[in-house]
Amino acid sequence: MKESYFPQEIEKKWQKVWEETGAFKTPDESDKPKYFALSMFPYPSGKLHMGHVRNYTITDVIARFKKAQGFNVLHPMGWDSFGLPAENAAMKNGADPEKWTVENIAYMTKQLKMLGLSYDWDREVTTCKPDYYKWTQWLFLQLYKKGLVYKKEAAVNWCNDCGTVLANEQVIDGKCWRCDSEVEKKYLSQWFVKITDYADVLLEDLDKLPGWGDNVKTMQANWIGKSHGAIFRFPVVDAPSGEKMEVPVYTTRPDTVHGITYLVVAPEYKDIEKLTTSENKEAVEAYRANARKMTEIERLSTERVKTGVPLGTHCINPFTGEKFPLWTADYALVEYGTGAVMAVPTHDTRDYDFAKKYNLPMKVVIQDAENPSDCKDAAYTEPGILVNSNEFDGMKNEEAKKAITEKAVKEGFGEFKTQYRLRDWLISRQRYWGAPIPVVYCEKCGIQPVPEEQLPVLLPKDVDFSVVGKSPITTSKTFLETTCPCCGGKATRETDTMDTFICSSWYYLRYSDAKNDKMPFAKDKVNHWLPVDQYVGGIEHAILHLLYSRFFTKALRDLGLLDFDEPFKNLLTQGMVLKDGSKMSKSKGNTVDPDEIFENYGADTARLFILSDSPPARDFDWSDAGVEGCYKFLNRVWRLVASNADNISICHPEFVSGSLKKDNDDLVRVVHMAIKGITNDISNDFQFNTVISKYRELTNAIYDWRGKKSELDAEDKSVLSFAIVSLLKLMSPVAVHLTEEAWHDLGGEGSIHEQPWCEWDENLAKASSITLVVQVNGKVKDKIEAEESSSQEDLKALALNSPKIKELTDGKTIVKTIVVPKKLVNIVVK
RNA sequence: GCCCUGGUGGCGGAAUCGGUAGACGCGUCGGACUUAAAAUCCGAUUGGGAUAACACUCAGUGCCAGUUCAAGUCUGGCCCAGGGCACCA
C-alpha cells in the first residue's frame with residue numbers, strides 16, 4: 001500500500017473499473033426488497049454547482065447505505081433538458097438549442113462520474129429526446145381525452161422578457177420565476193390542465209405523507225387554499241336593460257350578511273357592462289381601462305389605497321329587504337369565487353378601508369358581548385354575538401354561519417360552498433424548445449388531437465431563432481402546415497409547446513422502464529419500483545414540481561396507468577449551499593467550482609465535506625478551511641491504514657466480551673458503539689454530520705490505541721484488523737474511492753461496495769463499568785466509577801458513601817434519593 | 001395579518017425517554033519535531049469569581065413565568081431571525 005494518499009490517481013482508476021464491471025446496474029428482478037433513491041434531476045445549464053454536489057452526494061450515500069443493508073436499490077439520473085436557457089443561448093450564439101443541450105449534458109455527465117455517484121446510467125432519461133417527449137405528448141392526449149386538458153381564453157401571466165405565458169406557480173411576487181421581470185396580464189387563448197379537479201384530494205392526501213416535512217406540506221396546503229363559506233345571490237333591482245339579473249357572491253362570513261352596505265364586482269366581471277347605468281358608463285370604462293394597464297405588482301399591493309367607482313345600479317339583500325349600491329373596485333379579483341364581493345365594512349378590514357374612503361354607510365351586526373364596539377375606528381373581525389340580524393340576534397357568530405346559510409338554501413337564494421385558491425395550470429408556452437402540444441387546427445373540424453400512432457410530433461429544424469416577438473417555431477413551414485386527421489383537409493399545427501414542468505411531472509416513473517418504446521412505462525414495472533422511497537431536492541420546488549407531480553400521479557392512477565396515490569413516500573429538502581453567509585451565485589461572485597475541488601482534493605474530500613458541517617435540511621456554509629480539514633482527515637485515515645497494512649487482514653473475528661485484554665476490549669467496544677451510532681444516525685433523518693464526527697472519533701480511538709503499543713501480538717492484530725476494516729466499511733458510502741483502494745490493498749475480495757453493512761452486538765457495545773453521576777439537589781457534585789451490573793441499591797449506597805457527598809450532606813436531612821439506573825443518583829437534602 | 005421553521009461558545013454544530021450542556025470539527029493561542037518551512041503530533045479554548053497553582057465556586061442553551069428531585073428538552077405567555085401565503089372576500 002502506498003504511503004501517501006493520491007486521490008486523483010485512485011479516483012480515476014476506480015471510476016473506470018466500476019464503469020467496466022457495471023457495478024451500479026440495477027436488475028428489475030431480485031430476491032431483495034426494492035429501494036428507490038432519487039435526486040431531483042438537473043437542468044443541463046452547463047456545469048454542476050455546489051447545490052448539485054450536495055443534493056447528489058446525499059442521495060448517493062443513502063443509495064449505497066441501503067444497498068449495503070440488503071436492498072435492491074434503484075438510483076438513476078436524467079436531464080430536465082427542455083427550457084428557455086437553451087433557446088436563449090441559441091438566439092445569442094446562433095447555435096442549435098439541441099446542440100447546446102447535448103454538449104452540456106455530456107460535460108455534466110463527466111462531472112457526475114467524477115463525483116463517484118452510483119447511477120445506473122442505462123436508465124438515463126432525457127426529456128428533450130423524442131423517445132421521451134413522445135410519451136409526454138401521449139400522456140397529454142390521455143389527459144385531453146379524460147377532459148383534464150382544455151383550451152380557454154383567459155387573463156394570463158405574460159413575461160415579456162421570456163416572450164411567453166407563465167403558470168400562477170411560476171409568478172413569484174408578481175415577477176417571473178426565471179428572469180425576475182415584472183409579469184403582465186394578457187387575454188389569450190391557452191391550454192390548461194385541470195389541476196383544480198384534484199384540489200381536494202391533493203390537500204387531503206398530504207396527511208398520507210408522514211415522510212414529508214411540515215414546511216412543504218403547509219406550503220402546499222396554503223397554495224391550495226381551501227375555505228368554507230356560502231354563495232348568496234342578490235337580485236339586481238334596476239338593471240338598465242330592465243332584464244332580471246342577479247349577482248352571486250362567495251363569502252366565508254355568511255354570519256355578517258345583515259351588515260352588507262354595498263357590493264363590489266371586479267373590473268373584469270363578465271356582466272359589468274350590463275350592470276352599469278349610462279350616466280356611470282364613462283367613469284366605469286375609464287376605471288376598467290386603468291386596471292388593465294396596471295401590473296400585477298401594483299394591483300396586488302396591499303399597501304395601496306383602495307379605489308373604485310359606482311356602477312349606478314343596486315341590489316336587494318334578501319335577508320333584510322335593504323337596497324344597496326353596486327361598485328367596481330380592483331380589490332375584488334375576477335378569478336376567485338364569483339368575482340364579486342358582498343361588502344360588510346364593520347367586519348372586514350378591506351371593506352372598512354373602502355367604505356371610509358368613499359363615505360359608504362356601515363352597520364354593526366356582530367359584537368363582543370362584554371365589550372361592544374361601534375366599529376367607528378376599525379372593523380371588528382373577532383368572534384361575537386349577532387345584533388341587528390332579525391331572528392339571528394343573540395346567536396354566536398360561528399353558529400350563525402350555518403343557520404344563515406341554511407335559510408338561504410331553504411329560500412333558494414344561496415348554498416354552502418367550498419372554495420379553493422388553486423387555479424388551473426396554464427401549460428402553453430410560446431417557445432420553441434419544449435415538447436410540441438400534439439394538436440392540429442382544422443377549419444372544418446376545429447381542434448383535433450394528433451392520433452397516437454403519429455407521435456412524436458417532432459420539433460422542426462427549419463426555424464429562424466432570430467425572430468422577435470413570436471415563437472421561433474412559427475417560422476417553420478414544414479411544421480406549420482399539415483393535414484387534418486379527421487377530414488384529411490388542410491390544417492395547421494399548434495405552435496405552443498408544453499411547460500417543461502409537464503416533462504418533469506412524470507420522469508421519475510420513466511426510470512422504472514426507461515427504454516420502453518410501446519408505452520411510457522409498463523404497469524407492473526412502475527408499480528414495482530414506485531413510489532420513490534426517498535426523494536431529495538431543493539425546497540424551491542415545494543409547490544411547483546412537487547404539486548404537479550402529485551397531480552400527475554393521481555391523474556395517471558385514474559387513467560389506470562398505475563396503482564399508487566403518491567409519487568414520493570419520503571422527501572428530504574436539502575438546504576442551500578452558502579459562501580460567506582449568502583447563497584452562492586455568479587452575480588455575487590462567491591461560487592466555488594466543483595472541478596477545482598475534484599482536481600485539488602479529489603471527489604472523496606468534496607463528498608465528505610459537503611456532508612460534514614450541517615444536517616442535510618439546513619443551509620450549509622462552504623469554507624475553504626473546512627475542505628482543507630476534510631482532506632487532512634482523509635489523509636489521516638489513509639496513513640492509519642497504510643502504516644498498519646502489514647498487521648491487518650480482512651477477517652470477521654468474533655470477540656467475546658471480557659475475554660480480551662482491557663485495552664483491546666475497550667477498542668472493540670468503541671467500534672461496536674461506532675457501528676451502532678452511525679447506523680442509527682443514517683437511519684434517523686440522515687444525520688450525516690454526526691456520522692462524520694463518529695468517523696473521526698473512531699479514527700482517533702484507533703490512533704490512541706495504536707500509540708500505546710509497540711509490539712502487536714495475535715490478539716492485537718485481530719482487534720486492529722476488526723477496527724480498521726469496520727472503519728473502512730462504515731466510511732465506504734462517503735469516501736467511495738479511498739475505501740475501495742484500501743480494501744483492495746489489504747487483500748479484500750471483490751468490491752467494498754458489495755460488502756454487507758456492519759452489524760453491532762449490543763453486549764459488546766456496552767461498557768463493563770459506568771460513570772455514576774451523583775447530584776445533590778440536582779447539581780452534579782461527584783462522579784464515581786461503578787459496575788455496569790450494579791443494582792439501584794448498590795448505586796445509592798455508593799453515592800452516599802462517597803467522601804465528597806458525605807461532606808456535603810453532613811448535618812442535613814436527606815429528604816429523598818432518586819436513582820436512575822446505570823446513570824445517576826440525585827440526593828435531595830434540606 | 002395568517003401559517004411553517006429555527007434561536008445553544010469566536011464559528012459550523014452535538015446532546016434517544018426530562019438525567020454530566022458544549023460531542024466532533026473550524027478558528028485562535030501555546031508547545032514538540034525541523035537549520036528553517038511544509039506536513040505531522042501534543043495541550044488549552046463558555047463566561048465570571050477565587051488561587052502561586054490546583055482544589056473550589058457562581059452564572060449560563062433568545063426573554064419572562066410554571067411543572068419537576070432534575071428542564072436546551074415539557075407547559076403558558078412574549079421577543080427575534082429565516083421562509084411561505086396574502087385585497088383569496
Side-chain angles (χ1 to χ4, degrees), chain A residues 4 172-173 213-227 229 249-253 256 264 266 299-304 306 329-333 335-344 347-351 353-354 381 419-423 539-540 542-543 575 578 581 609 612-615 617-630 632-633 635-636 639 677 680-681 684 687 689-700 703 707 771-783 815-829:
Chain A
S4 303
I172 314 289
D173 291 332
D214 284 341
N215 51 347
V216 177
K217 285 193 278 189
T218 42
M219 274 191 232
Q220 292 212 355
N222 284 344
W223 189 261
I224 295 166
K226 186 178 186 174
S227 69
V249 302
Y250 171 72
T251 180
T252 54
R253 293 298 304 275
T256 64
V264 178
R299 169 117 187 230
L300 293 177
S301 167
T302 49
E303 311 293 306
R304 221 176 110 236
K306 292 183 177 43
D330 60 10
Y331 81 89
L333 306 174
E335 316 95 279
Y336 187 76
T338 63
V341 185
M342 61 177 228
V344 185
H347 306 298
D348 181 282
T349 52
R350 295 152 303 184
D351 299 342
D353 293 344
F354 191 81
T381 55
Q419 183 68 42
Y420 299 90
R421 215 193 62 102
L422 183 72
R423 314 281 152 82
I539 187 76
E540 67 273 17
I543 295 171
L578 312 177
F609 178 53
S612 66
D613 271 358
S614 302
R618 265 199 246 177
D619 287 350
F620 176 86
D621 209 338
W622 183 277
S623 76
D624 297 336
V627 182
E628 198 73 41
C630 285
K632 282 183 188 173
F633 172 65
N635 271 284
R636 195 167 142 79
R639 282 196 309 274
N680 287 342
D681 285 355
N684 306 331
Q687 292 181 52
N689 54 331
T690 55
V691 168
I692 287 161
S693 72
K694 281 167 183 137
Y695 291 163
R696 290 177 185 271
E697 282 176 271
L698 179 55
T699 306
N700 292 345
Y703 263 108
T771 305
L772 180 71
V773 173
V774 186
Q775 299 180 330
V776 175
N777 289 345
K779 305 221 165 183
V780 180
K781 292 293 173 187
D782 200 6
K783 290 169 192 179
V815 184
K816 200 175 182 184
T817 308
I818 292 108
V819 181
V820 181
K822 295 176 192 185
K823 254 189 192 151
L824 168 146
V825 175
N826 187 14
I827 302 160
V828 186
V829 295

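Below, each value reflects all heavy atoms present in this structure, side chains not excepted, and no hydrogens, waters or symmetry copies. Computed from a predicted structure; not experimentally measured.
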A.B. asks: Checking all strands, does A:Asp621 fall into the base, sugar-phosphate, or nothing category for heavy-atom contacts under 4.0 angstrom?
C.D. replies: nothing
A.B. asks: Could you give the distance separating B:C42 and B:C24 at their P atoms, to the nearest angstrom?
C.D. replies: 13 Å
A.B. asks: Among all residues two or more places apart in sequence or in another chain, which pass the ring-ring contact (aromatic ring centres under 6.0 Å, His included) test with A:Trp223?
C.D. replies: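 Residues passing ring-ring contact (aromatic ring centres under 6.0 Å, His included) with A:Trp223: none at all.
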A.B. asks: For A:Ser612, answer base if it contacts any base atom (sugar-phosphate contacts may also be present), sugar-phosphate if it contacts only those atoms, and nothing otherwise; contact means non-hydrogen atoms under 4.0 Å.
C.D. replies: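 If one applies the 4.0 Å heavy-atom cut-off, A:Ser612 turns out to touch nothing in the nucleic acid.
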A.B. asks: Has A:Tyr336 got a side-chain N or O lying under 4.0 Å from the OP1 or OP2 atom of B:A89?
C.D. replies: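 Result: yes.
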A.B. asks: Taking only N and O in the side chain of A:Asn826, is any of them less than 4.0 Å away from OP1 or OP2 of B:U20?
C.D. replies: no
A.B. asks: CZ of A:Phe620 versus C1' of B:C26: gap in Å, rounded?
C.D. replies: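 To the nearest whole Å, that distance equals 11 Å.
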A.B. asks: Over all heavy atoms of both residues, which pair between A:Ala343 and A:Asp351 is shortest? Give the atoms and the distance, please.
C.D. replies: CA-OD2, 3.3 Å
A.B. asks: Between A:Phe609 and A:Phe620, is the ring centre distance below 6.0 Å?
C.D. replies: yes
A.B. asks: Ignoring the backbone of A:Gln775, work out which of B:A23, B:U20, B:G84 is nearest its side chain.
C.D. replies: B:U20
A.B. asks: The side chain of A:Val773 is closest to which nucleotide in this list: B:G84, B:G12, B:U20?
C.D. replies: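 Looking only at heavy atoms from C-beta outward on A:Val773, the closest nucleotide is B:U20.
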A.B. asks: Within less than 4.0 Å of OP1 or OP2 of B:U5, is there a side-chain N or O belonging to A:Thr218?
C.D. replies: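 Answer no for this pair, as no side-chain N or O of A:Thr218 is under 4.0 Å from OP1 or OP2.
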A.B. asks: Rounding to an integer number of Å, can you tell me how far A:Lys226 NZ sits from B:C3 P?
C.D. replies: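 The distance from NZ of A:Lys226 to P of B:C3 comes to 19 Å, rounded to the nearest Å.
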A.B. asks: Within the pair A:Asn689 and B:A14, is there a side-chain N or O less than 4.0 Å away from OP1 or OP2?
C.D. replies: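 The answer is yes; a side-chain N or O of A:Asn689 sits under 4.0 Å from OP1 or OP2.
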A.B. asks: Of the options B:C85, B:G12, B:C58, whose atoms approach the side-chain atoms of A:Asp613 most closely?
C.D. replies: B:G12
A.B. asks: Work out how far the P atom of B:G60 is from that of B:C4, and round it to whole angstrom.
C.D. replies: 31 Å
A.B. asks: Considering every strand and a 4.0 Å limit on heavy-atom distances, what is the contact class for A:Lys694: base, sugar-phosphate, or nothing?
C.D. replies: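 No contact at all - A:Lys694 keeps every heavy atom at 4.0 Å or more from the nucleic acid.
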A.B. asks: What distance, rounded to whole Å, do you find between the two C1' atoms, one in B:U61 and one in B:U46?
C.D. replies: 11 Å
A.B. asks: What distance do A:Lys781 atom NZ and A:Ile827 atom CD1 have between them, rounded to the nearest 0.5 Å?
C.D. replies: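 That separation rounds to 11.5 Å.
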A.B. asks: Describe the nucleic acid contact of A:Lys783 in one word from base, sugar-phosphate, nothing, applying a heavy-atom distance below 4.0 Å.
C.D. replies: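 Base contact - A:Lys783 has a heavy atom under 4.0 Å of at least one base atom.
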A.B. asks: Need one value for A:Asn680: base, sugar-phosphate or nothing, where a base atom within 4.0 Å counts as base even if backbone is also close, heavy atoms only.
C.D. replies: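 Answer is nothing: A:Asn680 stays at 4.0 Å or more from every strand.
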A.B. asks: For a quick check of understanding: with a heavy-atom distance under 4.0 Å over all strands, which category does A:Val820 fall into, base, sugar-phosphate or nothing?
C.D. replies: base
A.B. asks: Which base, if any, makes a Watson-Crick or G-U wobble pair with B:C26, both distances under 3.5 Å?
C.D. replies: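 Across all strands, the one nucleotide that pairs with B:C26 is B:G10.
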A.B. asks: Could you tell me how far B:U73 sits from B:G7 if I compare only their C1' atoms? Round to whole Å.
C.D. replies: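 That atom pair is separated by 14 Å.
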A.B. asks: Ignoring backbone atoms, test whether A:Arg639 places a side-chain nitrogen or oxygen under 4.0 Å from the OP1 or OP2 oxygen of B:C41.
C.D. replies: yes
A.B. asks: Is the closest side-chain heavy-atom distance between A:Val829 and A:Val776 below 4.5 Å?
C.D. replies: yes
A.B. asks: Given atom OH of A:Tyr250 and atom P of B:A89, what is their separation to the nearest angstrom?
C.D. replies: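 Distance check: A:Tyr250 OH to B:A89 P gives 6 Å.
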A.B. asks: Given atom NZ of A:Lys781 and atom P of B:A70, what is their separation to the nearest angstrom?
C.D. replies: 15 Å
A.B. asks: Between B:U68 and B:C80, how far is it from one C1' atom to the other, in whole Å?
C.D. replies: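 Looking at atom C1' only, B:U68 and B:C80 are 29 Å apart.
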A.B. asks: Please give the distance between the P atoms of B:C2 and B:A15 as a whole number of Å.
C.D. replies: 33 Å
A.B. asks: To the nearest angstrom, how far is A:Tyr695 atom OH from B:C24 atom P?
C.D. replies: 17 Å
A.B. asks: Going by the glycosidic torsion and a 90 degree boundary from 0, is the base of B:C17 oriented syn or anti?
C.D. replies: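 You should classify B:C17 as syn.
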A.B. asks: Could you tell me how far B:U5 sits from B:U57 if I compare only their P atoms? Round to whole Å.
C.D. replies: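 Rounded to whole Å, the distance is 41 Å.
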A.B. asks: Is B:G9 syn or anti, taking syn as a glycosidic angle within 90° of 0?
C.D. replies: syn
A.B. asks: Say we look at B:A32 and B:A36: how far apart would their C1' atoms be, to the nearest angstrom?
C.D. replies: 15 Å
A.B. asks: Expressed in angstrom and rounded to an integer, what is the separation of A:Asp681 atom CG from B:G25 atom C1'?
C.D. replies: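 Distance check: A:Asp681 CG to B:G25 C1' gives 15 Å.
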A.B. asks: Is any side-chain N or O of A:Arg696 closer than 4.0 Å to OP1 or OP2 of B:C26?
C.D. replies: no
A.B. asks: Pairing check on B:G19: which nucleotide meets the Watson-Crick or G-U wobble criteria with it, both distances under 3.5 Å?
C.D. replies: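 Looking at the geometry, B:G19 pairs with B:C69.
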A.B. asks: If you look at every heavy atom in A:Tyr336 and A:Arg421, which pair is closest and at what distance?
C.D. replies: CE1-CA, 4.0 Å
A.B. asks: Would you tell me if any nitrogen or oxygen in the side chain of A:Arg421 comes within less than 4.0 Å of OP1 or OP2 on B:A89?
C.D. replies: no
A.B. asks: Quick one: A:Glu540 CD to B:G82 P, roughly how many Å, whole number?
C.D. replies: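 Taking atom P of B:G82 as the reference, CD of A:Glu540 is at 19 Å.
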A.B. asks: Using whole Å, what does the distance between atom C1' of nucleotide B:G13 and atom CZ of A:Phe609 come to?
C.D. replies: 13 Å
